[in-house]
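Encoded as structure tokens, the structure appears first; notes follow it.
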Amino acid sequence: MPTAYYQSPIGLIRITATSSYIEEVHFCREDEHLELPAAGEYSPLLQNCTEQLIEYFQGVRRQFELPVHQEGTSFQQSVWSELCGIAYGKTISYTELARKLGDPKSIRAAASTNGRNRIAIIVPCHRVIGAKGDLVGYAGGLSRKRWLLQHEQKIAWGVQTLF
């Protein structure tokens, strides 16, 4: 599977894609074995994704324009679709997410699906927080979640948050 790496301000990111869509955006662990491709071996889609991530971290991109796909049930697809509708610089709670999906009782399933998101940042699962406004659960680690939320709120509103 074609793979690219990007050294972001909050750690190394691995991007994998098919010829048609981005399949994964993942924060690498420090102990993870990496097979870096030679310079110039990135596909146009991987290059475009890397450029859009750079723009995001520079604060000039608020929305991604990339084809993405991850395998999942129709419920999981609806959760990931709903995540993409959360505005840049905003957050919602897991309870709100379940409500938006049409079933307030689906909070645990929605939270579990949020945690299975394989396309970090682009499918912005980091924008979902606890009911009391606390930071909970993020596959990339809570320090990265905090950084991403602060980055977006600073760019969007010119303010530093309490996260």
Side-chain angles (χ1 to χ4, degrees), residues 1-6 8-34 45-46 49-50 52-53 56-57 61-156 161-163:
M1 177 106 24
T3 303
Y5 291 90
Y6 164 58
S8 80
I10 54 175
L12 187 65
I13 295 174
R14 181 181 64 234
I15 308 160
T16 58
T18 67
S19 60
S20 304
Y21 52 81
I22 300 298
E23 187 173 75
E24 180 184 46
V25 175
H26 168 79
F27 288 103
C28 297
R29 296 181 324 270
E30 289 188 25
D31 64 345
E32 199 168 327
H33 175 71
L34 307 176
L45 181 55
L46 286 171
C49 182
T50 302
Q52 289 190 36
L53 284 167
Y56 169 85
F57 282 105
R61 176 170 293 278
R62 295 179 182 208
Q63 190 167 0
F64 292 91
E65 298 166 4
L66 296 161
V68 298
H69 176 75
Q70 47 190 328
E71 294 293 324
T73 66
S74 60
F75 177 79
Q76 290 171 324
Q77 296 296 331
S78 66
V79 171
W80 295 323
S81 178
E82 196 63 49
L83 294 176
C84 290
I86 305 170
Y88 181 94
K90 300 277 188 172
T91 59
I92 66 169
S93 70
Y94 288 99
T95 303
E96 290 173 86
L97 177 60
R99 244 185 266 132
K100 286 178 176 270
L101 293 165
D103 182 3
K105 295 178 184 175
S106 69
I107 187 168
R108 287 186 184 194
S112 175
T113 297
N114 190 57
R116 286 189 173 92
N117 175 34
R118 293 174 37 101
I119 307 174
I121 303 170
I122 296 168
V123 177
C125 57
H126 62 277
R127 295 180 187 155
V128 183
I129 59 174
K132 296 178 183 174
D134 49 334
L135 295 185
V136 293
Y138 187 62
L142 291 181
S143 62
R144 286 188 177 119
K145 182 172 186 166
R146 179 178 295 107
W147 191 99
L148 292 166
L149 292 173
Q150 288 176 342
H151 171 70
E152 290 183 5
Q153 291 177 354
K154 181 179 171 187
I155 300 300
T161 65
L162 298 176
F163 295 117

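Numbers for residues simply follow the sequence, beginning at 1.
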Atom CG of Asn114 and atom CG of Leu83: how far apart are they, to the nearest 0.5 Å? 5.0 Å
How far apart are the closest heavy atoms of Gly130 and Val136, and which atoms are they? N-CG2, 3.7 Å
Do Leu142 and Lys145 come close enough that some side-chain heavy atom pair is under 4.5 Å? yes
Ignoring hydrogens and angles, write down the donor-acceptor pairs under 3.5 Å from the side chains of residues 70-80, residues two or more places apart or on other chains.
| from | atom 1 | to | atom 2 | distance (Å) |
| --- | --- | --- | --- | --- |
| Gln70 | OE1 | Arg118 | N | 2.8 |
| Gln70 | NE2 | Asn117 | OD1 | 2.9 |
| Glu71 | OE2 | His69 | NE2 | 3.1 |
| Thr73 | OG1 | Phe75 | N | 3.4 |
| Thr73 | OG1 | Gln76 | N | 3.1 |
| Gln76 | OE1 | Thr73 | N | 2.8 |
| Gln77 | NE2 | Gln70 | O | 2.7 |
| Ser78 | OG | Phe75 | O | 2.6 |
| Trp80 | NE1 | Thr113 | O | 3.2 |

Quick one: are Phe64 and Leu53 in side-chain contact, heavy atoms under 4.5 Å? yes
Of the non-hydrogen atoms in Cys84 and Pro124, which two are nearest, and what is the gap between them? CA-CD, 4.0 Å
Would a distance-only check, ignoring hydrogens and angles, find a side-chain to backbone donor-acceptor pair under 3.5 Å from Arg144 to Ile10? yes
Do Arg127 and Tyr88 come within less than 4.5 Å of each other through their side chains, counting heavy atoms only? yes
Counting N and O atoms only, with roles assigned by atom type, does the side chain of Arg62 sit under 3.5 Å from a partner on the main chain of Ile155, one being a donor and the other an acceptor? yes
Distance (rounded to the nearest 0.5 Å) between His26 NE2 and Ile119 CD1: 13.5 Å
When every non-hydrogen atom of Ala131 is compared with those of Ser93, the smallest separation belongs to CA-CB, 4.0 Å
Hey, what's the ring geometry for Phe57 with Tyr6, parallel, tilted or perpendicular (30° and 60° as the breaks)? tilted
Ile107: which of Leu101, Leu97, Thr95 passes side chain to side chain contact (heavy atoms under 4.5 Å, CB included): Thr95
Gap separating the CZ atom of Arg99 from the CD1 atom of Ile92, nearest 0.5 angstrom: 9.5 Å
Could you tell me which non-hydrogen atom of Tyr56 sits nearest to which non-hydrogen atom of His126, and how far apart they are? OH-NE2, 3.9 Å
Is there a side chain to side chain contact (heavy atoms under 4.5 Å, CB included) between Ile86 and Thr91? Walk through the geometry before answering. CA-CA 7 Å; Ile86 305 170; Thr91 59; 6.0 Å; no
To the nearest 0.5 Å, tell me how far Ile129 CD1 sits from Tyr138 OH. 14.5 Å
Go through it in stages, so that I can follow the logic: the residues are Thr18 and Leu45, the test is side chain to side chain contact (heavy atoms under 4.5 Å, CB included), and I'd like the CA-CA distance, side-chain angles, deciding distance and then a yes or no. CA-CA 9 Å; Thr18 67; Leu45 181 55; 5.6 Å; no
Contact summary for Arg61 and Gln63, nearest pair of heavy atoms: NH1-O, 2.8 Å
Does the side chain of Ser112 come under 3.5 Å of the side chain of Arg116 through a donor N or O and an acceptor N or O? yes
Are Ile122 and Cys49 close enough, and set up right, to give a side chain to side chain contact (heavy atoms under 4.5 Å, CB included), and what steps lead you there? CA-CA 9 Å; Ile122 296 168; Cys49 182; 3.8 Å; yes
For residues Ser20 and Pro67, report the shortest heavy-atom separation together with the two atoms involved. O-CG, 3.3 Å
Is any side-chain heavy atom of Ile13 closer than 4.5 Å to a side-chain heavy atom of Thr50? no
